[in-house]
*Asks:* 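Submitted below is the structure of interest, expressed as structure tokens.
Order of the sequence lines fixes the chain letters, A, B, ..., with proteins taken first and strands second; residue numbering starts at 1 for each chain.
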Amino acid sequence: MDVNYMHAQRAIRLLLKVDGKSIRAYHKHEPYFYLKANDPACLEQLKKIQVNDGEKNYALERIEPVQRMLEGKPTQVWKLVTAHPGLVPKFQDAVRHYGATYEYNILFTRRYLIDNHLTPGAQVEVEFERRNGKRWVTSIHSVATDANPPYNILAFDIETYNPSGMPDPKRDPLLMASYADASESRVITYAQPLRTEGFVQNVASEKDVLQRLAQVLREKHTDVLCTYNGDVFDLPYVTERSLQTKADAHFGRDHSLPKSKRLGLRNVTSLGGRIHFDVYNTVYFLNYIGATKLARMTQLAAYEGLLGKTKADFPKDQIVAAWDKKGQPLTDLIEYSRQDAVACYELAEYCLPLFYALGKVTGTTLFDASRFTSGQLVEALLLKKAFDRGEIAPNKPTAEEVAERTAEPIQGAYVKTPLPGVYENLAVFDFKSLYPSIIISHNIDPSTLDCDCCRGEGEAHISPTGQRFCKKRQGLIPAMLQEVLTTRFAIQKQMKALDKESAEYKQLYGKQWALKILANSTYGVLLYPRFRWFRRECGESVTAYGRKYIQDVIQKGEQAGFNVLYTDTDSAFLQYNGKTKQTVLDFGKAVNEQLPESMQLELEDFYPRSIFVGKKAEETGAKKKYASINEQGKIKIRGFELVRRDWSKVARNTQRSVLEILLKEGDVKKAAELVRTTLNELKDGKVPLEDCVIYTQLKKKVANYEIKSPEVGAVLHARKSGMNVPENSMVAYVIGKAGGEAVSERARLVELAKDYDADYYINNQVLPAVLKILGSLGYDKDSIRLKGTQKGLGDW
DNA sequence: GCGGACTGCTTACCT
DNA sequence: ACAGGTAAGCAGTCCGCG
């Protein structure tokens, strides 16, 4: 379940769970990397090389000639074995001028897992022998199973004293810690003269809270400790408070305190022998890939967005008063704290199966799987598959190579401009996994590009950009994708027969979800400059094939007499007015017959009515903005302001209502009336301030902006009035009446907003949002006014 | 000096 | 720190007019 390198033992330490009990075992594994020498005669020199690790000098343990696939060709290389993992980078540096070196920067624990085909969290069959009082592994292998690991899971959360806004762990004490698991939820605190009763355990001091919490982890044999943002807040905080109070609070199984380190751009925190699962990371990931679209990523927002549940909030600026004055506010704070732990546990329950699966598929630990970016996940999977195929992985690029790769972007997907209007009888087709299926069908891979074996005419796949891809030997990436897609489809088939609430269904759902993430990320990483398998020609060929396939659909659709209204990348909107649905089905079938085996054009749905709008201030239609209603009355909306968090709720809700009325009833007059009502409410100051909030994420430090946009203006104003606003924050602001001419001068953080500027919300929010739609249907401001009553829209 | 048109910066969306 | 294609607002600048 946990894998570490132990320098003292010169071995991997495994944490295994046997009959519910955790045990340690040690396993020897050789660190190594590869050298493809320019001149085989350098062997004698290599043997003489010595490096120093700060304590003593080492020579290479062994130099072993091995046959591996390198850049698509069988190649003779040397496997250079070192005495311990820390020597790998040192020897790499010492030998690289003898040729090309490979696989020298793969983390040793990952190297161990890959080489032994082990999957953390999966069942293993293992044999030991006893030596020096320790268990030494003599054989180990993973047993394939979809079952979730039998971890003991606990969620915890802390409340802190925060007299100056943000709490400072060097100074401000912990007030309470709450925890929750499947059977209970409790709060440990030291608020005298509270008694221990119900779910509250009262102890003597902050130090005792920390020690009791550590004791809970021991008693419950916690394997997975869940937090919400524990990487940067809860765990570093309890660590610092443990040091400050000299508490004997060792949260790790090895009696260590949590340790923070840098992973990419952010801090992560781990604890010995237990897995720290930070739910925030997973919520962030789910939101990033579009599974949810939360405007803010607070635990409360996640609780509502992911689970559809809600709970009472407790304002952060009232914690100090509640603690100092006791009474009902303190009781509320304690209950809030308990519910936070419960919500964290429930969110973890939801997210864990997804990341168990992602870890299993990519062979990474739960800790890593829940923190890796999609690029790192794909890399992990490919490293595993490359090893299994006897292929050496390409190196990570140097800074210069990254710069070179970044220089020229490639041409992407094709998007057809729609003609604005209301359309009836649309059928939407979609290529199923377009880019992955192109990669498989045309064997697109860095190692199959310009192979030596398919030089003749008709011997290679030739992409629309003229790149040649091998037809004889399947590349690593197409092979990986083929396995991923076929496994995913098989799982989806299996799922159909299962009860959606069953554990088996949820496990399978997690697995197919993980496979989808990996399939969907693969094209992107081909063009990601830091990716090991980056190859511009591959990415370029994928999109070029993509454009070709969708253009074929357009051409064939028009030939068959459909109005091909709109296409974007892999989807096509066909209007079949005057034709039957059967002709649509027949068309799909005909197209599919001419596609490669791995590709498929699917009928997504029939839509009785759809709305496409015009581009602002132009005659042409807007791409990536449409709304459709299907035969079951389900509405699908894309791209409109109402799906964007940087538009106010009042504008979004009004636009949504207009679209719904038009799609369901086609009643422009009713829509116009609704708009008029909203405008009057705005004018009369009746709209709640929270409906006027606009959310915008700051993506750099405030000082680095060239332009003072409204969100930047709001932060500058707040700081001027003494508020501490963190950098790179999600800004929630309202446009008020006072402050100046420019919008940015009137922008106020919602906490500081006193009023809203009705003119702004009418003219810059609601009207543009709804006129975009009504205007595209041939109505202007005036013609809408005619449909209203005399009070009308003239007053705008 | 003025107002409208245009450009650039920026964000968040779609596939 | 997976890609490119796209719309759009607001600030800031350019440009013609005179």
*Asks:* Listed in order of residue number, which residues of residues 643-655 of chain A have a non-hydrogen atom at under 4.0 Å from DNA chain B?
*Replies:* Val643(A), Arg644(A), Arg645(A), Asp646(A)
*Asks:* Between dC2(C) atom C1' and Phe531(A) atom CZ, what is the distance in whole Å?
*Replies:* 9 Å
*Asks:* Which nucleotide sits closest to the side chain of Asp568(A): dG8(B), dC14(B), dA3(C)?
*Replies:* dC14(B)
*Asks:* Please state whether the phosphate of dC10(C), meaning OP1 or OP2, lies under 4.0 angstrom from any side-chain nitrogen or oxygen of Tyr733(A).
*Replies:* no
*Asks:* Starting at CG of Leu294(A) and ending at C1' of dC13(B), how long is that distance when rounded to a whole Å?
*Replies:* 15 Å
*Asks:* Is Glu379(A) salt-bridged to Arg110(A), going by a charged N under 4.0 Å from an acidic O?
*Replies:* no
*Asks:* May I have the distance from Tyr761(A) (atom OH) to dG9(C) (atom P), rounded to whole angstrom?
*Replies:* 15 Å
*Asks:* Quick one: side-chain contact (heavy atoms from CB on, under 4.5 Å) partners of Ser610(A), sequence neighbours excluded?
*Replies:* Leu426(A), Tyr607(A), Phe612(A), Ser628(A)
*Asks:* Return the value, rounded to whole Å, for the distance between atom NZ of Lys416(A) and atom P of dG4(C).
*Replies:* 25 Å
*Asks:* Excluding sequence neighbours, so at least two apart, what forms salt bridge (Lys or Arg N to Asp or Glu O under 4.0 Å) with Arg748(A)?
*Replies:* none
*Asks:* To check you understand the geometry: which heavy-atom pair defines the closest contact between Thr569(A) and Tyr435(A), and what is its length?
*Replies:* CG2-OH, 3.7 Å
*Asks:* When all nucleic acid strands are considered with a 4.0 Å heavy-atom cut-off, which category describes Thr696(A): base, sugar-phosphate, or nothing?
*Replies:* sugar-phosphate
*Asks:* The side chain of Tyr528(A) lies closest to which of these nucleotides: dG8(B), dG4(C), dC2(C)?
*Replies:* dC2(C)
*Asks:* If you assign Lys708(A) and Ile410(A) each to the DNA chain C nucleotide with the nearest heavy atom, which residue ends up on the more 5' nucleotide?
*Replies:* Ile410(A)
*Asks:* Measure from CZ on Phe612(A) to P on dA7(C) and round the result to the nearest Å.
*Replies:* 14 Å
*Asks:* Are any of Lys615(A)'s side-chain N or O atoms less than 4.0 Å away from OP1 or OP2 of dA7(C)?
*Replies:* yes
*Asks:* On DNA chain C, check which nucleotide each of Tyr288(A) and Gln411(A) is closest to and give me the residue with the more 5' one.
*Replies:* Tyr288(A)
*Asks:* At under 4.0 Å, does any side-chain N or O of Lys623(A) touch on OP1 or OP2 of dT6(C)?
*Replies:* yes
*Asks:* Taking only side-chain N and O atoms of Ser709(A), does any of them lie within less than 4.0 angstrom of OP1 or OP2 on dT11(B)?
*Replies:* no
*Asks:* Counting only side-chain N and O atoms of Thr373(A), is one of them less than 4.0 Å from OP1 or OP2 of dC2(C)?
*Replies:* yes
*Asks:* Under 4.0 Å: is that the gap between some side-chain N or O of Lys699(A) and OP1 or OP2 of dA12(B)?
*Replies:* yes
*Asks:* Quick one, Ile735(A) and Asn764(A) - any side-chain contact, counting heavy atoms below 4.5 Å?
*Replies:* no
*Asks:* Are OP1 or OP2 of dT10(B) and a side-chain N or O of Lys700(A) less than 4.0 angstrom apart?
*Replies:* yes
*Asks:* It should be established whether Asn520(A) places a side-chain nitrogen or oxygen under 4.0 Å from OP1 or OP2 of nucleotide dC2(C).
*Replies:* no
*Asks:* Using whole Å, what does the distance between atom P of nucleotide dT6(C) and atom OH of Tyr414(A) come to?
*Replies:* 9 Å
*Asks:* With respect to the phosphate group of dA8(C), does any side-chain polar atom (N or O) of Lys772(A) fall under 4.0 Å of OP1 or OP2?
*Replies:* yes
*Asks:* Give one of base, sugar-phosphate or nothing for Gly524(A), where a contact means two heavy atoms less than 4.0 Å apart.
*Replies:* base
*Asks:* Give the rounded distance in Å between these two atoms: CZ of Arg296(A) and C1' of dA12(B).
*Replies:* 17 Å
*Asks:* If you take all heavy atoms of Ala302(A) and Leu294(A), which pair is closest and at what distance?
*Replies:* CA-CD1, 3.9 Å
*Asks:* Using a 4.0 Å heavy-atom cut-off, does Tyr760(A) contact any base of the nucleic acid, only the sugar-phosphate backbone, or nothing at all?
*Replies:* sugar-phosphate
*Asks:* In terms of side-chain geometry, is the basic nitrogen of Lys624(A) or Asp568(A) positioned less than 4.0 Å from the acidic oxygen of its partner?
*Replies:* yes
*Asks:* Here's one to test your reading of the geometry: is the NZ or CZ of Lys700(A) within 45 degrees of the ring axis of Tyr705(A) and under 6.0 Å from its centre?
*Replies:* yes
*Asks:* In whole angstrom, give the distance that lies between atom NZ of Lys293(A) and atom P of dA12(B).
*Replies:* 12 Å
